[in-house]
There are 4 protein chains.
Amino acid sequence: MPFESRRRARDEKRDAVLRTAVQLFLEQGYHRATLNEVAERLNITKPALYNYFRSKEEILFECWAIGQEQVDDFIAEINASDDNGLVKLRRLVRAYAENMATDYGASLVRFDPRDLSEKNSRIVRAAKRGIDRTFRKYIAEGMADGSIKPCDPKMTAFMIAGSLNWIGHWFQPGGELSAEAIAGEFALRLTEGLAARPARKRAAAAPAKRRRAGGGSR
Amino acid sequence: MPFESRRRARDEKRDAVLRTAVQLFLEQGYHRATLNEVAERLNITKPALYNYFRSKEEILFECWAIGQEQVDDFIAEINASDDNGLVKLRRLVRAYAENMATDYGASLVRFDPRDLSEKNSRIVRAAKRGIDRTFRKYIAEGMADGSIKPCDPKMTAFMIAGSLNWIGHWFQPGGELSAEAIAGEFALRLTEGLAARPARKRAAAAPAKRRRAGGGSR
Amino acid sequence: MPFESRRRARDEKRDAVLRTAVQLFLEQGYHRATLNEVAERLNITKPALYNYFRSKEEILFECWAIGQEQVDDFIAEINASDDNGLVKLRRLVRAYAENMATDYGASLVRFDPRDLSEKNSRIVRAAKRGIDRTFRKYIAEGMADGSIKPCDPKMTAFMIAGSLNWIGHWFQPGGELSAEAIAGEFALRLTEGLAARPARKRAAAAPAKRRRAGGGSR
Amino acid sequence: MPFESRRRARDEKRDAVLRTAVQLFLEQGYHRATLNEVAERLNITKPALYNYFRSKEEILFECWAIGQEQVDDFIAEINASDDNGLVKLRRLVRAYAENMATDYGASLVRFDPRDLSEKNSRIVRAAKRGIDRTFRKYIAEGMADGSIKPCDPKMTAFMIAGSLNWIGHWFQPGGELSAEAIAGEFALRLTEGLAARPARKRAAAAPAKRRRAGGGSR
DNA sequence: TATGAATGAGTATTCATTCAT
DNA sequence: AATGAATGAATACTCATTCAT
């Protein structure tokens, strides 16, 4: 019992350190942010941080890892569905956009992998490639299943990812645009140009509805 | 004459410093890059750099300024034209994309304004807002002149700018995609969804509109 | 009874700490060795060490003290005998050599008194002087009782002590030379040059003396 | 010209740093000595030291290297001679003893190789083995050429080296014993017990003299 | 008695910047 | 215009020690 609660307390403090650190790193940039200030904001001393992390770099990496885990989660969920390529892409865009509006999500694009150790840097770069591949895969799937019209998957993925990543730079929590609104709008607009034209003159209702679901934004 | 040539030689050296610096800053990041290494690559000594610049920060700012000047130039040129909003936007996208594929262009989005002095930081942020306004202005103009269909200028500008800025992160000079090809493709794809249906044969309203909205721009 | 057993258990643990510490200090050097590692090797935690010792320095001092006690013991024993100076010296060399082959013995010469508090440092230095005095005393006694031939006690003591102390640096428990063998050999060789010519056949004075001085001791 | 003098000034300052450092390291021990104090004694600032050395460890290594170089030098000189084993050994003892009375010489035995980087530590350990081998070699040579009577070269070398190394711990420059006196006495005493007994009853003068030169200490 | 957590003091190192030459 | 040398400010990290539980 004391062990479990100890452990929980410890994990909570660790999380608190990460939350504080990610905010500070985003605010001031990794290099300008000092562990002293992280500690000050937590009302502890600098060496206390070393109870939870081995180095500043490890903190940076953990921040990134949390954001990446969230991405991995929703990608796994989307992969598990049997939606067509266009729908998968749309779901990815929405989820990614929402993630970009969080601290940990933004850290995915605003932290510099070169600040990490070689080992961790490799992990990060591999994960980034993985995300890129997912975008391209959904686009390719969509072209294969007819939900997306022919295009260059690589460059299209870059365009979409660029728009999304940019959110991590301009989004402000208290601003006039909510994360959900942005995510919805991005999901709609970034994919509307890709939707294959519905087969003309389809009288039936249900299929039409489906079309709307798939290409409804136009 | 000797004065002029002196001055020219000086300017050339200054430019050489900037070219070396911008490359190094992009390669390693501003904080990891040392003036020592800049000097080494130029086969001069570190204090020699101070003949041309007052500080490391000034070098950073000058790199940014060169990229910004290029942007200002082509924006001025586009502004001076009497193209409609859509065409202006397309021209902006193309020019901006090409610029992103250069070192100085990439520095616009890969350098962190917080590394600058307060004064210079303000200049940079103002310029960034100016670019954003330009995107929105062209979109608004397009909506006004009928070349662009109704949309939210702010978010649309963010999407386009994000795609473009991202180029500065992934473009590699020797890669399979040339800057021109990328610029062409981006100018096409990033605006096709925005183009208002051409004025011809306006009779068939509703159905046509539907179709066009989906794939009409291409 | 429970009090006594408590106390005994405590002392045993204290000893275990010292045994572990002296090994680690010898292995890695006092400064590189951390109390954390001492604790780890004992499967306890660092603060637990403070139940037995007030500081790292006290541990160091206690290690030294154990080694010194052993030296004091055999010196007392030799002092109590009525051997002549040469024999006393030989016994001292043997005992000292054997002691040098133990962890606590080696700590006498491999630990740096300057790592101790001023108070303890003085104790250590006094003890070292005491050992030195003992060597000189035996030599002087030997010269007085005719068992040792004339020499400079001070420098002779330094030579012998140096050879002996060096054992603490090169001796390895599992090596080809056993502590006993080393001690025996050292006791023999380090004193053979000092032995006065045996009293027999004193007739042939000059030439004999000459010869003996050279190789006479063996 | 300015280049040469610059270089010389630089080397002199480097040497001054080493002289100050070796003294301080000997006085206080490597770990207790701070670069700050080294700098203070030189009336410069700590970072200025980094103009001459890359790290504290490098300073330590350089101190050792100077002492080692002196040893290498006189070993090379002795090796080059055609003296018999006993004479070589005696010359080695004398030179080594004198070296031990210098700061750099003492640093050979009072600095801990474990404070060095793995690379430098290996160099040091190799050099130490080399010295040991030299002692044993001279002893073996002496036994082969008849100047040294049979003994165990390994243990004999340890005894002699121990006496010599100990000088580095107790010698004090201003003390009553001069380095030369010590070296002379050590050369005599540490080898007298090893000299092979001259062939008995040698009438002839010259050979006898020779004997004296070789084994004269007995 | 033992522990997890926290602390404070201390140190090597880096690097932009300046200065005398 | 250029350089070698020097500086000062700043920061991550270590570890013995303490304290509340």
Side-chain angles (χ1 to χ4, degrees), chain A residues 2-3 5-7 9-10 13-14 31-39 42-59, chain B residues 6 9-10 13-14 30-39 42-60, chain C residues 6 9-10 13 30-39 42-60 115, chain D residues 2-3 5-7 9-10 13-14 31-39 42-59:
Chain A
F3 175 75
S5 74
R6 276 277 176 92
R7 185 189 179 95
R10 185 184 169 81
K13 282 184 187 170
R14 208 185 124 102
H31 285 101
R32 275 172 302 275
T34 71
L35 290 189
N36 239 335
E37 191 162 353
V38 173
L42 290 162
N43 276 323
I44 59 173
T45 60
K46 184 166 46 172
L49 295 173
Y50 285 84
N51 283 326
Y52 307 102
F53 302 96
R54 272 190 297 273
S55 67
K56 190 185 182 190
E57 185 259 351
E58 185 176 300
I59 296 179
Chain B
R6 275 275 180 94
R10 184 185 162 80
K13 284 186 185 174
R14 211 184 119 101
Y30 177 69
H31 286 101
R32 274 174 302 275
T34 70
L35 289 189
N36 239 336
E37 192 163 352
V38 173
L42 289 162
N43 278 324
I44 61 173
T45 60
K46 183 165 52 168
L49 296 172
Y50 285 81
N51 288 321
Y52 308 104
F53 302 94
R54 272 192 297 271
S55 68
K56 190 185 184 190
E57 183 258 350
E58 185 176 297
I59 296 179
L60 183 68
Chain C
R6 276 272 181 96
R10 185 185 163 80
K13 282 188 187 173
Y30 177 69
H31 285 100
R32 274 172 303 275
T34 70
L35 290 190
N36 240 334
E37 192 161 352
V38 174
L42 289 162
N43 278 321
I44 60 173
T45 60
K46 183 165 50 168
L49 296 172
Y50 284 82
N51 288 322
Y52 308 105
F53 301 95
R54 273 192 296 272
S55 68
K56 190 186 185 190
E57 184 257 352
E58 186 178 296
I59 297 179
L60 184 69
D115 287 322
Chain D
F3 176 75
S5 73
R6 273 280 174 93
R7 185 190 178 96
R10 183 183 170 82
K13 282 187 187 171
R14 208 186 122 103
H31 286 101
R32 274 172 303 275
T34 70
L35 291 189
N36 239 335
E37 191 162 353
V38 174
L42 290 161
N43 277 323
I44 60 174
T45 60
K46 185 165 47 170
L49 297 173
Y50 285 83
N51 283 327
Y52 307 102
F53 302 94
R54 273 190 297 273
S55 66
K56 190 186 182 189
E57 185 259 349
E58 186 177 300
I59 296 179

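Naming: A, B, ... by sequence-line order, numbering from 1 per chain.
- Remark: P of F:dT3 and CG of B:N43 are 10 Å apart, rounded to the nearest angstrom.
- Distance NE2 (D:H31) to P (F:dA16): 12 Å, rounded to an integer number of Å.
- For F:dA2, the OP1/OP2 oxygens have a side-chain nitrogen or oxygen of B:Y52 closer than 4.0 Å.
- Mapping A:E57 and C:L35 onto DNA chain F via the closest heavy atom, the residue that lands nearer the 5' end is A:E57.
- Here the side chain of B:R10 pairs a donor or acceptor atom with the backbone of B:N51 at under 3.5 angstrom.
- Using a 4.0 Å heavy-atom criterion, one finds that C:A33 contacts the sugar-phosphate atoms exclusively.
- Between D:L49 and D:L42 there is a side-chain heavy-atom pair separated by less than 4.5 Å.
- Atom CZ in A:F53 sits about 13 Å away from atom P in E:dA5, given to the nearest Å.
- In this structure the side chain of B:Y50 reaches within 4.5 angstrom of the side chain of B:L35, judged on heavy atoms.
- Between B:R10 and F:dA1, a side-chain N or O to OP1/OP2 separation shorter than 4.0 Å is present.
- Here the shortest heavy-atom pairing between B:E58 and B:Y52 reads OE2-O, 4.0 Å.
- Between D:K13 and F:dA6 there is a side-chain N or O to OP1 or OP2 distance below 4.0 Å.
- In this entry the distance linking CG of A:L49 with P of E:dT7 reads 10 Å, nearest Å.
- Of the inter-residue distances, the one linking A:I59 atom CD1 with A:R54 atom CZ reads 11.5 Å to the nearest 0.5 angstrom.
- Whole-Å rounding puts the A:Y50 OH to E:dG8 C1' distance at 15 Å.
- Remark: P of F:dA16 and CD of C:E58 are 15 Å apart, rounded to the nearest angstrom.
- Place A:S55 and B:T45 on DNA chain F by their nearest nucleotides, and B:T45 ends up nearer the 5' end.
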So D:N36 and D:T45, side chain to side chain contact (heavy atoms under 4.5 Å, CB included) or not? Walk me through it.
CA-CA 7 Å; D:N36 239 335; D:T45 60; over 6 Å; no

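- Side chain of A:T34, nearest nucleotide from F:dA1, F:dT11, F:dA6: F:dT11.
- Nearest to the side chain of C:K56, among F:dT17, E:dG8, E:dT3, sits F:dT17.
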Reading 5' to 3' and counting Watson-Crick or G-U wobble pairs with both distances under 3.5 Å, write the dot-bracket notation for DNA chain E, | for bases paired outside the strand.
.||||||||||||||||||||

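- Nucleic acid contact for C:A39: none, since no nucleic acid atom lies under 4.0 Å from a heavy atom of the residue.
- Per the geometry, CG belonging to C:N36 stands 11 Å off C1' belonging to F:dT14, to the nearest Å.
- One finds no side-chain N or O of D:N51 lying less than 4.0 angstrom from the OP1 or OP2 phosphate oxygen of F:dA5.
- Using modelled atom types, one side-chain atom of B:K56 and one backbone atom of B:Y30 make a donor-acceptor pair closer than 3.5 Å.
- One interatomic measurement links the two molecules: CZ of B:R54 to C1' of E:dA16, which rounds to 15 Å at whole-angstrom precision.
- With E:dG4, F:dT3, E:dA6 as the candidates, the nucleotide lying closest to the side chain of B:A48 is F:dT3.
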